[in-house]
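What follows is a set of notes on a single structure, which appears directly below.
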Amino acid sequence: MKYMLLIYQNPASWEALSEDERNAIMNEVNAIVTELTASGEWIGGEGLADSSNTKTVRVRNGAPAVTDGPYLEAKEHLVGYSLFQCETPERALEIAARWPDARHWAVELRPLMGGGGTEM
């Protein structure tokens with residue numbers, strides 16, 4: 001089963017961390033990615049640009065309305081995602097729980113639907 005890990009952070013909390021603390025978090029992420037790559041579970045992932053670059057698009061009555069900023073007003077923002085595949089939901093939860101952002105902010109684990117959409 002393929003999973004997407006949605007990674008959330010509070011920008012103010014991230015900035016409040018020391019450079020050493022931020023580097024430690026990034027080193028921990030790199031170690032997990034290296035492990036998942038070696039095991040064949042890693043598919044990919046990326047960080048997202050600052051949420052100030054976000055555009056929200058809504059189409060109503062056929063006309064697009066574009067607004068600046070994320071869809072939701074919140075202190076925590078989606079800052080990245082990771083894709084991996086593993087044999088069991090328990091393994092996916094293990095990976096999510098090890099992600100350092102889960103200790104500081106939050107991560108969201110979502111199974112991906114296959115081509116047939118049977119996972120709905």
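From a predicted model like this one, the values you see are computed outputs, not experimental measurements.
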If you define the side chain from C-beta out and look only at heavy atoms, does anything of [X] sit under 4.5 Å from [Y]?
| X | Y | result |
| --- | --- | --- |
| His77 | Pro11 | yes |
| Ile25 | Trp14 | yes |
| Ile95 | Leu36 | yes |
| Lys2 | Leu83 | no |
| Trp99 | Ser82 | yes |

What verdict does the side-chain contact (heavy atoms from CB on, under 4.5 Å) test give for Leu112 and Gln85, after you've listed the backbone C-alpha separation in whole Å, the side-chain angles of each residue and the deciding distance to 0.1 Å? CA-CA 10 Å; Leu112 298 180; Gln85 58 188 1; over 6 Å; no

Test of understanding: with side-chain contact (heavy atoms from CB on, under 4.5 Å), list the residues that count as partners of [X], not counting sequence neighbours.
| X | answer |
| --- | --- |
| Asp20 | Ser18 |
| Arg98 | Ile32, Glu35, Arg91, Glu94 |
| Asn30 | Asn27 |

Between Glu15 and Gln9, does the side-chain contact (heavy atoms from CB on, under 4.5 Å) criterion hold? Intermediate values first, please. CA-CA 10 Å; Glu15 290 301 320; Gln9 287 179 354; over 6 Å; no

Do any N or O atoms from the side chain of Asn23 and from the backbone of Glu19 form a donor-acceptor pair under 3.5 angstrom?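 Here the side-chain-to-backbone pair exists.
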
Please identify each residue that fulfils salt bridge (charged side-chain N to carboxylate O under 4.0 Å, His left out) with Arg22, with sequence neighbours left out.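 By the salt bridge (charged side-chain N to carboxylate O under 4.0 Å, His left out) rule, Arg22 matches no residue at all.
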
Is [X] linked to [Y] within one hydrophobic cluster, defined over Ile, Leu, Val, Met, Phe, Trp and Tyr using a side-chain heavy-atom separation of less than 4.5 Å?
| X | Y | answer |
| --- | --- | --- |
| Ile7 | Leu17 | no |
| Leu93 | Val29 | yes |
| Met26 | Leu78 | no |

Using a 3.5 Å cut-off and no angle test, enumerate the donor-acceptor pairs between side-chain atoms of residues 104-111 and protein atoms at least two apart in sequence or in another chain.
unit_1 : atom_1 : unit_2 : atom_2 : d
Glu108 : OE1    : Tyr8   : OH     : 3.2
Glu108 : OE2    : Arg110 : NH1    : 3.3

What's the spacing between Lys55 NZ and Asp68 CG if we round to 0.5 Å?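 Reported value, rounded in 0.5 Å steps: 3.5 Å.
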
Gap separating the CG atom of Leu48 from the CG atom of Leu6, nearest 0.5 angstrom: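 The CG atom of Leu48 sits 9.0 Å away from the CG atom of Leu6.
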
Quick one: list whatever passes side chain to side chain donor-acceptor pair (under 3.5 Å) with Thr37, sequence neighbours left out.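 With neighbours one apart ignored, the set is empty.
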
Side chain to side chain donor-acceptor pair (under 3.5 Å) partners for Asp50, two or more places apart: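 Asp50 satisfies side chain to side chain donor-acceptor pair (under 3.5 Å) with Ser52 once adjacent residues are dropped.
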
Heavy-atom closest pair, residues Ala96 and Ala102: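 Answer, listing the atom of Ala96 first, then Ala102: O-CB, 3.7 Å.
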
Tell me the closest heavy-atom pair linking Ala92 and Cys86, and the distance in Å.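 Residues Ala92 and Cys86, closest heavy atoms: N-SG, 3.5 Å.
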
